[in-house]
Asker: 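Take this structure first; my questions come after.
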Amino acid sequence: MTTCSIPVPDDAAGLRLDRFLVEHFAETDEPLSRARLQRLIESGCVRLNDATAQRVAHKLRGGEWIVVQLPEPT
């Protein structure tokens, strides 16, 4: 399992959690689809400030930390 820690910049305030993650992972070697990220959030693989993210539509405030646990491909 791969773990990614992502700081949320202040200018991301108001963005939905899933949209912010799509934008973040679009800049990496392995972009993730919004649907996949939504499934990861719903399955508890995304933590927001040390608590499990409860909703894909959570509005970010800026200054948070997001931890995403990416399961190994099957």
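Computed from heavy atoms alone, side chains included, the values below leave out hydrogens, waters and symmetry copies.
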Asker: Return the minimal non-hydrogen interatomic distance between P7 and F20, and the atom names on each side.
Answerer: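 Shortest heavy-atom separation between P7 and F20 comes out as O-CZ, 3.9 Å.
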Asker: Can you see which heavy atom on T52 is nearest to which on G44, and at what distance?
Answerer: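 Minimum heavy-atom separation between T52 and G44: CG2-CA, 3.8 Å.
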Asker: Testing the basics here: between A12 and L60, what is the closest heavy-atom pair and its distance to 0.1 Å?
Answerer: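 Heavy atoms of A12 and L60 come nearest at O-CB, 3.9 Å.
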Asker: Can you name the residues that form a side-chain hydrogen bond (donor to acceptor under 3.5 Å, both in side chains) with E64, not counting sequence neighbours?
Answerer: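 In terms of side-chain hydrogen bond (donor to acceptor under 3.5 Å, both in side chains), with neighbours along the sequence ignored, E64 is linked to no residue.
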Asker: At their closest point, which heavy atom of V56 faces which heavy atom of R16, and how far apart are they?
Answerer: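 Closest approach of V56 to R16: CG2-NH2, 3.9 Å.
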Asker: Pair S33, F25 - check side chain to side chain contact (heavy atoms under 4.5 Å, CB included), show working.
Answerer: CA-CA 9 Å; S33 70; F25 283 102; over 6 Å; no
Asker: May I have all residue pairs that pass salt bridge (Lys or Arg N to Asp or Glu O under 4.0 Å) and include part of residues 19-42, sequence neighbours excluded?
Answerer: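 Pairs touching residues 19-42 that pass the test: D18-R34.
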Asker: At what distance, to the nearest 0.5 angstrom, does CG of L70 lie from OG1 of T3?
Answerer: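 Between atom CG of L70 and atom OG1 of T3 there are 7.5 Å.
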Asker: What closest approach, in Å, do L40 and Q69 show between heavy atoms, and which atom pair accounts for it?
Answerer: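 Minimum heavy-atom contact is CD2-O, 4.1 Å.
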Asker: Which atoms form the tightest heavy-atom contact between P31 and A26, and what is the distance?
Answerer: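 Looking at all heavy atoms of both residues, the shortest contact is CB-CA, 4.2 Å.
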Asker: First locate atom CG of L32, then atom CD of Q38, and finally report the distance between them rounded to the nearest 0.5 Å.
Answerer: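 So the CG of L32 and the CD of Q38 are separated by 12.0 Å.
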Asker: Should V67 and L15 be regarded as members of a common hydrophobic cluster, given that ILVMFWY residues are connected when their side-chain heavy atoms come within less than 4.5 Å of each other, either directly or indirectly?
Answerer: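 In one cluster: no.
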Asker: Taking side-chain contact (heavy atoms from CB on, under 4.5 Å) as the definition, give me every residue that meets it alongside S43, ordered by chain and number, with sequence neighbours left out.
Answerer: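 Applying side-chain contact (heavy atoms from CB on, under 4.5 Å) to S43 gives C45.
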Asker: With rounding to the nearest 0.5 Å, note down the distance linking CG in L37 to CG in L17.
Answerer: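 Nearest 0.5 Å value for the CG-CG distance: 8.5 Å.
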